[in-house]
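See below for the structure under consideration.
Throughout, a chain's letter reflects where its sequence line sits, starting with A, and its residues are numbered from 1.
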Number of protein chains: 2
Amino acid sequence: MKPRPSAPAPYHHGDLRRALIAAALALVTEEQDWTFSLREVARRAGVSQSAPYNHFADKRDLLAAVAVAGFHQLRDGLVAAVTGLDDTPDAFAACLRTYVRLGMRNPALYRLMFGPELTESKGAKRPREVAEAGGEAKSILERIIRDGATSGVFAVPTGPNGQPLALATFIAWSAVHGLTMLVIDKLTGELVPVQRAIEAAIAVQLDGVRGGARAASTRQRGAAASAVERDG
Amino acid sequence: MKPRPSAPAPYHHGDLRRALIAAALALVTEEQDWTFSLREVARRAGVSQSAPYNHFADKRDLLAAVAVAGFHQLRDGLVAAVTGLDDTPDAFAACLRTYVRLGMRNPALYRLMFGPELTESKGAKRPREVAEAGGEAKSILERIIRDGATSGVFAVPTGPNGQPLALATFIAWSAVHGLTMLVIDKLTGELVPVQRAIEAAIAVQLDGVRGGARAASTRQRGAAASAVERDG
DNA sequence: ACCTGAACACCGTTCAAGT
DNA sequence: ACCTGAACACCGTTCAAGT
């Protein structure tokens with residue numbers, strides 16, 4: 001069978017772009033950073049050093065595609081963790097847990113997604129696709145908080161103005177983000193059971209969205225104190 | 001006046017080590033990252049490309065010295081912010097605010113201090129002096145929480161076992177760390193008044209250490225809800 | 001003891017040239 | 001349209017040689 005010139009049968013194996021993203025993601029995962037060279041990525045994909053420039057403007061652009069892949073993993077993980085959970089507080093906690101878990105499973109990927117490399121800085125804007133994929137993941141958390149607010153489980157005012165909801169989401173998100181960063185950056189110190197610390201931090205945030213009153217009436221001292229007590 | 005050969009009058013201007021640290025810190029601050037070359041640092045200090053190797057093992061080692069300088073800034077800032085405050089909750093809030101403020105003033109320096117560059121990874125351990133300087137800053141926050149615990153303002157169990165205290169510190173620290181990271185990485189989205197968001201997040205953490213009961217009795221719904229309400 | 005200059009083995013990116 | 005190979009202007013780090 002001859003090759004059919006009518007189907008141009010692209011030079012490489014059909015989709016060098018995808019192959020490069022896969023190679024870069026593998027390198028991020030193996031080496032736990034992105035200091036590897038673009039030439040190394042090309043080598044892995046079996047092409048010349050300059051071939052990637054047919055598909056990406058520069059190294060940063062390739063890394064952006066990797067980050068998008070990471071956000072899709074996160075989105076899928078969040079959806080999987082949340083579906084089937086009727087209780088909103090449970091869904092909220094599951095959501096936070098998923099963030100931390102992705103970070104622990106692949107710290108470098110997590111850092112790439114949320115870190116300064118692809119963030120607005122030095123004149124370069126955050127790549128559009130990265131911002132979009134990131135927004136998707138954030139919106140899942142936001143939806144859960146809105147659900148809790150409308151059902152009255154969470155003490156977050158609802159209404160036409162989205163600010164309170166955005167603020168509540170931001171607070172919870174920043175807490176879980178910091179938690180993840182400290183854990184993956186090994187800054188937990190002598191905290192022996194990291195998993196317990198994670199649960200305690202999540203409990204504090206849950207209290208935060210619930211408002212103190214409910215938590216106090218059922219437990220007298222709030223989630224933080226109880227969690228702390230359990231571990232003492 | 002002749003140079004006195006008895007006082008060896010070191011080659012350069014006396015303290016190249018310090019000059020290199022200063023140049024590197026200036027570059028981190030100006031360029032807001034540490035992708036500048038070691039050769040550039042040497043150029044700024046007016047020495048040859050290889051001169052730095054007389055004082056630092058490699059580029060990472062120089063960056064470690066910069067991070068130590070950053071932690072000293074943080075420590076001084078924390079001490080200044082806290083002294084004169086009798087009220088422990090006020091001191092706690094002032095402490096968290098200082099973290100965020102340093103991050104906002106010099107994002108790259110903050111990232112260098114807490115980020116993966118100088119963290120245990122790829123076989124390289126966190127440099128001892130960095131770990132020490134970082135521990136100093138953390139211990140200030142820890143002391144405040146202990147003060148609150150012994151005086152009964154905070155609902156953190158005290159006792160011979162330091163775990164609950166370490167855990168409470170870790171939770172508050174991780175929240176403020178995530179807050180700072182999201183703010184400096186420009187991931188706050190459409191949150192117009194970032195300063196308000198910061199205050200709200202701090203309030204949630206304050207509730208966390210206080211335990212929900214006290215907060216609820218004075219404000220009915222906890223700090224998060226009230227802060228959210230103010231901004232609605 | 002501290003510094004220089006040349007050298008090695010790399011980079012990211014560009015660009016003419018090929019198919 | 002997509003890829004190669006050579007080239008440019010850099011790196012971090014080492015090392016003999018100088019003072």
Which whole-number value in Å describes the distance from [X] [atom1] to [N] [atom2]?
X     : N      : atom1 : atom2 : result
A:Y53 : D:dT4  : OH    : C1'   : 15 Å
B:N54 : D:dC15 : CG    : C1'   : 12 Å
B:F36 : D:dG12 : CZ    : P     : 10 Å
A:D58 : C:dT14 : CG    : C1'   : 13 Å
B:K59 : C:dC10 : NZ    : P     : 19 Å
A:E40 : D:dC11 : CD    : P     : 22 Å
B:R43 : C:dT4  : CZ    : P     : 13 Å
A:Q49 : C:dC10 : CD    : P     : 13 Å

**Request:** Show your working on side-chain hydrogen bond (donor to acceptor under 3.5 Å, both in side chains) between A:Q32 and A:N106 and close with a plain yes or no.
**Result:** CA-CA 8 Å; A:Q32 282 303 302; A:N106 200 338; 3.1 Å; yes

Choose from [options] the nucleotide whose nearest atom is closest to any side-chain atom of [X].
X     : options               : value
B:L16 : C:dG12, C:dA6, C:dC3  : C:dC3
B:L38 : C:dC11, D:dC2, D:dT13 : D:dT13
B:S50 : D:dA7, D:dT4, C:dT4   : C:dT4

**Request:** Considering only NZ, NE, NH1 and NH2 on the basic side and carboxylate oxygens on the acidic side, decide whether A:R75 and A:E136 come within less than 4.0 Å.
**Result:**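 Salt bridge present between A:R75 and A:E136.
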
**Ion pair B:E30/B:R44, N-O distance below 4.0 Å** =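 Salt bridge flag = yes for B:R44 with B:E30.
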
**Asked** Roughly how far, to the nearest 0.5 Å, is the OG1 atom of A:T180 from the CH2 atom of A:W173?
**Response**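 One gets 11.5 Å once the value is rounded to the nearest 0.5 Å.
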
**Asked** Does NZ or CZ of B:K138 fall inside the cone over B:F170's six-membered ring, less than 6.0 Å from its centre and within 45° of the axis?
**Response**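 Ring-cation test returns no.
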
**Request:** Tell me the partner of D:dC2, counting only Watson-Crick (N1-N3 plus N6-O4 or O6-N4) or G-U wobble (N1-O2 and O6-N3) with both under 3.5 Å; none if nothing fits.
**Result:**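 Checking every strand shown, D:dC2 finds its partner in C:dG18, with both distances under 3.5 Å.
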
**Request:** Return the nucleotide paired to C:dC10: Watson-Crick means purine N1 to pyrimidine N3 with N6-O4 or O6-N4, wobble means G-U with N1-O2 and O6-N3, both under 3.5 Å.
**Result:**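 Checking every strand shown, C:dC10 finds no partner, since no pair has both distances under 3.5 Å.
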
**Request:** Establish, with yes or no, whether the OP1 or OP2 oxygen of C:dC11 is under 4.0 angstrom from a side-chain nitrogen or oxygen of B:R39.
**Result:**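 For B:R39, the contact criterion (side-chain N or O under 4.0 Å from OP1 or OP2 of C:dC11) is not met.
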
**Request:** Look at the side-chain N and O atoms of B:H55 and state whether any lies under 4.0 Å from the OP1 or OP2 oxygen of C:dC3.
**Result:**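 Yes, such a contact exists.
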
**Prompt:** Would you say the base of C:dG12 and the side-chain of A:S37 have a donor-acceptor pair closer than 3.5 Å?
**Reply:**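 Flag unset: no donor-acceptor pair detected.
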
